[in-house]
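Because the structure is a prediction, the values reported are computed rather than measured. Throughout, protein chains are lettered first and strands after them, A, B, ... in sequence-line order, and every chain is numbered starting at 1.
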There are 2 protein chains.
Amino acid sequence: MDTLETRELRYFVAVAEELHFGRAAERLGMAQPPLSRAIQQLERRLGVRLLMRNRRGVALTGAGEMLLHEGRAALDATTAAARRTRRAGGADRPDGSRNRLVLAVKAGASHELLHKLLDAYAAEPGAAEVEVLPSGTCEQEGMLRDGRADVALMHAPFNSLAGFDSEELMTEGQIAVLPAGHPLAAQKTLSLSDVSDIPDLPLARWSRHGTYPPGPGPEIHDQTQLAQLIALGRTVAVFPDSARAWLWAEHAAVPLTDAPPVVTHIAWPAHSRSLALAGLIRTATRL
Amino acid sequence: MDTLETRELRYFVAVAEELHFGRAAERLGMAQPPLSRAIQQLERRLGVRLLMRNRRGVALTGAGEMLLHEGRAALDATTAAARRTRRAGGADRPDGSRNRLVLAVKAGASHELLHKLLDAYAAEPGAAEVEVLPSGTCEQEGMLRDGRADVALMHAPFNSLAGFDSEELMTEGQIAVLPAGHPLAAQKTLSLSDVSDIPDLPLARWSRHGTYPPGPGPEIHDQTQLAQLIALGRTVAVFPDSARAWLWAEHAAVPLTDAPPVVTHIAWPAHSRSLALAGLIRTATRL
DNA sequence: GCTCTGTCATACCCGGTGGGTATCACCGGG
DNA sequence: CCCGGTGATACCCACCGGGTATGACAGAGC
């Protein structure tokens with residue numbers, strides 16, 4: 001009577017994101033009329049207007065925005081349930097490989113810490129197999145939410161820890177990474193304002209969920225690409241201290257005095273109850 | 001193909017909780033055979049055994065336990081989406097009452113703080129209407145999760161803040177509440193061990209999700225009932241300092257030296273994005 | 001003012017499937 | 001040995017989710 005089906009949520013989220021029944025239907029792999037009807041039924045069952053149909057496209061009501069947000073969370077939770085169940089069951093059958101943990105890590109970050117963690121955990125008795133899942137910038141949250149990952153290394157203040165349990169692992173300062181020959185590379189320290197308006201070196205912009213902050217700098221989504229652009233003297237970037245590990249000869253690193261410290265956490269969905277996960281967390285906090 | 005329907009989750013959770021197809025079907029208001037079939041389809045679609053059918057009842061596999069936990073979370077998120085959408089939409093229509101917030105509070109706790117909070121918030125410009133929802137012992141978590149409430153006052157270490165965002169509001173010590181005439185009532189302070197084994201006064205046991213911790217004391221789920229039992233000299237209980245507000249003449253309060261402090265938080269689902277909620281939180285932290 | 005275009009809604013039909021009833025297969029206990 | 005209670009199977013029906021064709025309507029252009 002009043003329990004939403006995930007199908008309805010999927011439909012509504014598609015329409016709410018596209019703000020267009022036709023495109024939403026196409027994305028869902030169905031025809032437009034049944035989609036229209038489904039949304040109408042949904043509105044009737046909820047007793048609430050979700051969409052304002054102005055003859056030119058569609059707009060969300062307040063209730064619609066609410067359902068978009070909450071519905072996304074619910075869909076994530078549902079697909080997480082399916083994924084984690086599959087993984088838990090798949091591990092049931094083969095020989096002895098009891099459990100498997102999927103650890104999401106921002107690609108290229110925390111190399112050293114990650115190495116130590118994996119080695120230390122592998123040495124634990126009864127350790128589960130850990131699959132390392134490289135993730136895009138700030139994508140770890142979504143991966144934990146929809147079950148692609150069980151646990152993640154996150155970097156405050158870039159990642160939001162909201163809604164997860166976490167333990168602090170490491171704090172480090174930040175450095176500016178400049179072309180080796182640049183005048184500022186000779187400085188002992190720099191401030192954020194120093195690097196944010198170097199006339200010939202616009203600050204690189206990282207992609208977040210596919211979009212880029214505004215600015216003059218080049219759009220970056222790959223660390224190697226960025227390293228090359230810096231080496232070529234085209235841009236400058238700000239990184240945690242540990243980024244020194246992968247710097248090239250053509251790079252120079254200068255500590256930033258006023259950049260917020262980067263805190264690496266290990267984070268996991270708050271409701272997790274898994275022995276393997278507990279072991280990994282224990283190992284991590286003991287490093 | 002691989003997306004779980006909430007109907008399937010509901011069915012599975014019912015079976016997993018009852019460990020009995022017949023009873024689960026009854027609870028779901030349907031016949032047993034279609035339920036059996038639905039679970040089989042679910043297992044086939046997930047490619048995972050969820051239940052071990054021993055001719056006498058049913059047991060969960062590892063994957064089944066996983067789906068029970070994750071499925072409950074997903075179902076909570078889904079019903080939360082429906083409830084919050086209904087509320088957001090219902091508030092759209094009537095006159096000016098823009099938003100409404102539901103605040104879950106453990107019945108009878110934090111009277112004074114709650115009063116101050118509500119008064120202060122009501123005085124804010126553009127304040128939403130706040131509905132106070134009394135909740136049972138430690139029930140606030142569930143209420144936030146399934147959308148019965150938007151925000152809650154919680155008391156660490158009794159409530160778990162896992163999975164929520166929260167702000168600390170108040171810290172207080174704990175007191176032992178004894179019958180006024182009892183010898184120990186004359187003491188200036190007591191320790192936990194003092195009150196946990198008073199020969200003639202067993203410690204009262206509060207219900208948590210309908211179950212009681214083991215022990216000799218009476219089972220309590222109502223504060224008035226407990227107050228009466230203490231006044232009658234039948235039991236002793238431990239409370240936060242602020243409980244002094246409702247003590248009777250027949251009660252005596254003695255500070256506990258080694259009881260963990262009780263920290264009152266205001267907590268809300270981590271993904272909430274509501275102006276009204278933000279205002280309430282801001283008001284609360286400024287108290 | 002007309003059409004034309006792009007939008008969402010309506011009308012109608014069909015097949016899949018969720019649900020019901022009746023029954024079977026199995027096992028443990030008297 | 002049979003009986004009670006379990007979950008599984010067989011079969012049927014009705015509902016509804018989805019498709020196609022079409023309508024209603026508003027805005028843009030001439």
**Prompt:** Distance only, no hydrogens: is a donor on one side chain within 3.5 Å (strictly under) of an acceptor on the other, for B:Q40 and B:S36?
**Reply:**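 There is no such pair (donor and acceptor under 3.5 Å, judged by atom type) between the side chains of B:Q40 and B:S36.
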What is the separation between atom [atom1] on [X] and atom [atom2] on [N], rounded to the nearest whole Å?
X: B:R23; N: D:dG5; atom1: CZ; atom2: C1'; value: 11 Å
X: A:M52; N: C:dC8; atom1: CE; atom2: P; value: 14 Å
X: A:M30; N: C:dC14; atom1: CE; atom2: P; value: 20 Å
X: A:E5; N: C:dG18; atom1: CD; atom2: C1'; value: 12 Å
X: B:E18; N: D:dT6; atom1: CD; atom2: C1'; value: 15 Å
X: B:F21; N: C:dA25; atom1: CZ; atom2: P; value: 19 Å
X: A:R53; N: C:dT10; atom1: CZ; atom2: P; value: 9 Å
X: A:I39; N: C:dT10; atom1: CD1; atom2: P; value: 14 Å

**Message:** Minimum heavy-atom separation for A:E141 and A:F164, please, with both atom names.
**Reply:**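 Smallest interatomic distance, heavy atoms only, reads O-CZ, 3.7 Å.
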Could you tell me whether the phosphate oxygens of [N], OP1 or OP2, come under 4.0 Å of any side-chain nitrogen or oxygen in [X]?
X: A:S36; N: C:dC8; result: no
X: A:H20; N: C:dC8; result: yes
X: B:R37; N: C:dT17; result: no

**Prompt:** Is C:dC13 paired to anything, Watson-Crick or G-U wobble with both distances less than 3.5 Å, and if yes, which nucleotide?
**Reply:**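 Base partner found: D:dG18.
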**Item:** Trace of the salt bridge (Lys or Arg N to Asp or Glu O under 4.0 Å) decision for B:R87 with B:E129
**Value:** CA-CA 12 Å; B:R87 275 215 301 276; B:E129 186 185 342; over 6 Å; no
**Prompt:** Just by distance, do the side chain of B:T6 and the backbone of A:L4 share a donor-acceptor pair under 3.5 Å?
**Reply:**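 Side chain of B:T6 to backbone of A:L4: a pair is present.
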**Prompt:** Does A:L19 or B:P33 map to a spot on DNA chain C nearer the 5' end, using the closest nucleotide for each?
**Reply:**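 On the 5' side of the pair lies A:L19.
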**Asked** Do A:L153 and A:H265 come close enough that some side-chain heavy atom pair is under 4.5 Å?
**Response**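 No, their side chains stay 4.5 Å or more apart.
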**Asked** Just checking A:Q32: base, sugar-phosphate only, or nothing, at a heavy-atom cut-off of under 4.0 Å?
**Response**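 It contacts base atoms.
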**Asked** Which is true for A:Q41 with a 4.0 Å heavy-atom rule: it touches a base, it touches only sugar-phosphate, or it touches nothing?
**Response**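 Touches sugar-phosphate only.
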